[in-house]
Amino acid sequence: MQKNLFGLTIDELTKELLNLNLPKFRAKQIAAWIYQRGATSFDEMTDISKNLRQQLNENYEINIVNLIKRLDSSDGLTTKFLLKLDDGAKIETVLMRHDYGNSVCISTQVGCAMGCKFCASTLKGLERNLTSTEILAEVVFVNDILRAENQKIDSIVIMGIGEPLMNFDNLIKFLTLIHEDYTLNLSYRKITISTCGIVPNIYKLAELNLPITLSISLHAPTNVLRSQLMPINDTFKVEEVVKAGRDYGDKTGRRVTYEYILIGEVNDTTEHALQLSRLLSGQLANVNLIPLNPVAETKFKKPSKERIKNFADFLNNRHINATIRREMGANINAACGQLRIKSI
Ligand code: SAH
């Protein structure tokens with residue numbers, strides 16, 4: 001069986017190619033083809049002799065990921081990809097074309113163990129972690145598609161299926177790889193990690209002192225309500241999560257974002273807005289209000305436009321910077337994770 005070269009670091013690739021007695025510059029050349037020039041076979045590598053390409057073909061392959069289904073929104077701005085991994089597991093990756101650049105939303109696990117009550121990705125629990133290679137594959141796959149349109153990925157949001165901080169080591173290996181000049185050379189400032197609040201790993205991430213943007217899924221200002229919506233709150237309480245967010249901001253100098261899904265008649269009253277403003281007062285933070293994407297399997301509803309606006313205005317009047325997340329790609333599938341659930 002051929003060994004897959006996709007996902008190797010330059011050092012790993014260099015070491016591997018020593019088996020064919022190839023010098024380091026060959027590893028650099030091949031890495032550029034794989035990560036930057038969209039090659040999925042050695043035959044495309046025109047600056048490598050036929051002889052050597054044949055040798056590479058006999059020993060290696062370039063296996064990125066398999067596309068099962070592609071859905072484009074009617075305005076053409078959002079594209080959802082349902083991808084299949086080598087063991088048959090399925091994940092979703094989403095490309096969003098914003099006016100400030102192309103952003104890709106990636107998954108870090110197959111399914112999710114967190115059990116949030118409003119989320120489609122966790123309905124069937126956790127299947128497994130993604131490897132750093134599989135996470136990288138999502139990004140390179142979408143970047144290859146964009147290259148064909150003379151475009152590229154400008155930012156990454158780690159907000160797809162799974163809890164990234166529950167797959168810490170693979171996540172960090174991926175982040176290091178995507179930052180390298182032989183891959184996408186992407187600045188850490190262009191990367192956002194969203195977490196449901198795995199407190200010890202927020203501190204661990206802060207210790208690494210990478211200027212990555214942290215987004216914390218808060219969704220409720222009190223422990224009683226948050227525990228009803230997010231079982232992880234039984235382990236890490238609201239106050240501990242916000243304290244970890246504050247520490248992250250202090251250590252990295254990056255303003256933390258708190259995500260707050262607005263769920264009709266659950267967490268969207270003025271009282272909730274007041275509690276939230278008190279919780280975050282004095283912290284250099286943004287609040288990103290997310291109108292709920294209804295999930296067929298749950299009973300939750302989206303609040304009215306007016307209620308959403310009132311909630312945002314209340315926070316802004318109290319000097320808590322709040323924005324309402326623009327919905328993208330609603331017509332290609334309601335909620336994050338729904339595509340995968342429907343297909344299994
Ligand atoms: N596990 C991470 C990242 C994945 S979820 C986290 O919890 O942050 C990315 C964001 O989408 C989170 O804020 C999550 O709470 C939110 N989300 C999940 N289901 C949603 C739904 N039905 N409608 C709107 N946002 C949702």
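Along the sequence shown, the residues carry numbers beginning at 1. None of these values were measured; they are calculated from a predicted model. Every number for a ligand or one of its atoms is a count from 1 in the order of the listing.
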Distance-only donor-acceptor check, side chains R325 and N288, under 3.5 Å: yes
Contacting atoms of ligand 1, where contact means under 4.0 angstrom from a heavy atom of V295: 22 (N)
Contact partition for E259 relative to ligand 1, non-hydrogen atoms under 4.0 Å: side chain
S217: numbered ligand 1 atoms lying under 4.0 Å from its heavy atoms: 6 (C), 7 (O), 8 (O), 12 (C), 13 (O), 15 (O)
Part of I261 within contact of ligand 1 (heavy atoms, under 4.0 Å): side chain
For ligand 1, the portion of T195 having any non-hydrogen atom under 4.0 Å away: backbone
Any N/O pair G162/ligand 1 closer than 3.5 Å: yes
Residue list, side chain to side chain contact (heavy atoms under 4.5 Å, CB included) with R128, at least two apart or on another chain: L85, D87, A89, V110, L130, E134
Residues E163 and T195: side-chain donor-acceptor under 3.5 angstrom: yes
Any side-chain donor near an acceptor of the partner, N63 and D86, under 3.5 Å: yes
R53/E44 ion pair, N-O < 4.0 Å: no
Summary of side-chain hydrogen bond (donor to acceptor under 3.5 Å, both in side chains) pairs that have at least one residue in residues 232-248, sequence neighbours excluded: N223-N233, N223-E239, R226-N233, S227-N233, S227-D234, D247-K251
Close N or O approach (S194, ligand 1; < 3.5 Å): yes
Pair D43-S41, side-chain donor/acceptor within less than 3.5 Å: no
Closest to atom 5 (S) of ligand 1 among M114, M159, K302 (heavy-atom distance): M159
Selection from Y258, F300, F118 by shortest heavy-atom distance to atom 19 (N) of ligand 1: F118
Per-atom contacts, ligand 1 versus C119 - under 4.0 Å to a heavy atom: 18 (C), 19 (N)
Per-atom contacts of ligand 1 with C196, taking only distances under 4.0 Å to non-hydrogen atoms: 6 (C), 7 (O), 8 (O)
For K3, the option from E58, E61, E16, E12 that meets salt bridge (charged side-chain N to carboxylate O under 4.0 Å, His left out): E16
Ligand 1 contact by G160, heavy-atom criterion under 4.0 angstrom: yes
Mutual orientation of the aromatic rings belonging to Y35 and F6 [parallel < 30°, tilted 30-60°, perpendicular > 60°]: tilted
Residue H219 vicinity, atoms of ligand 1 by number, heavy atom under 4.0 Å: 13 (O), 14 (C), 15 (O)
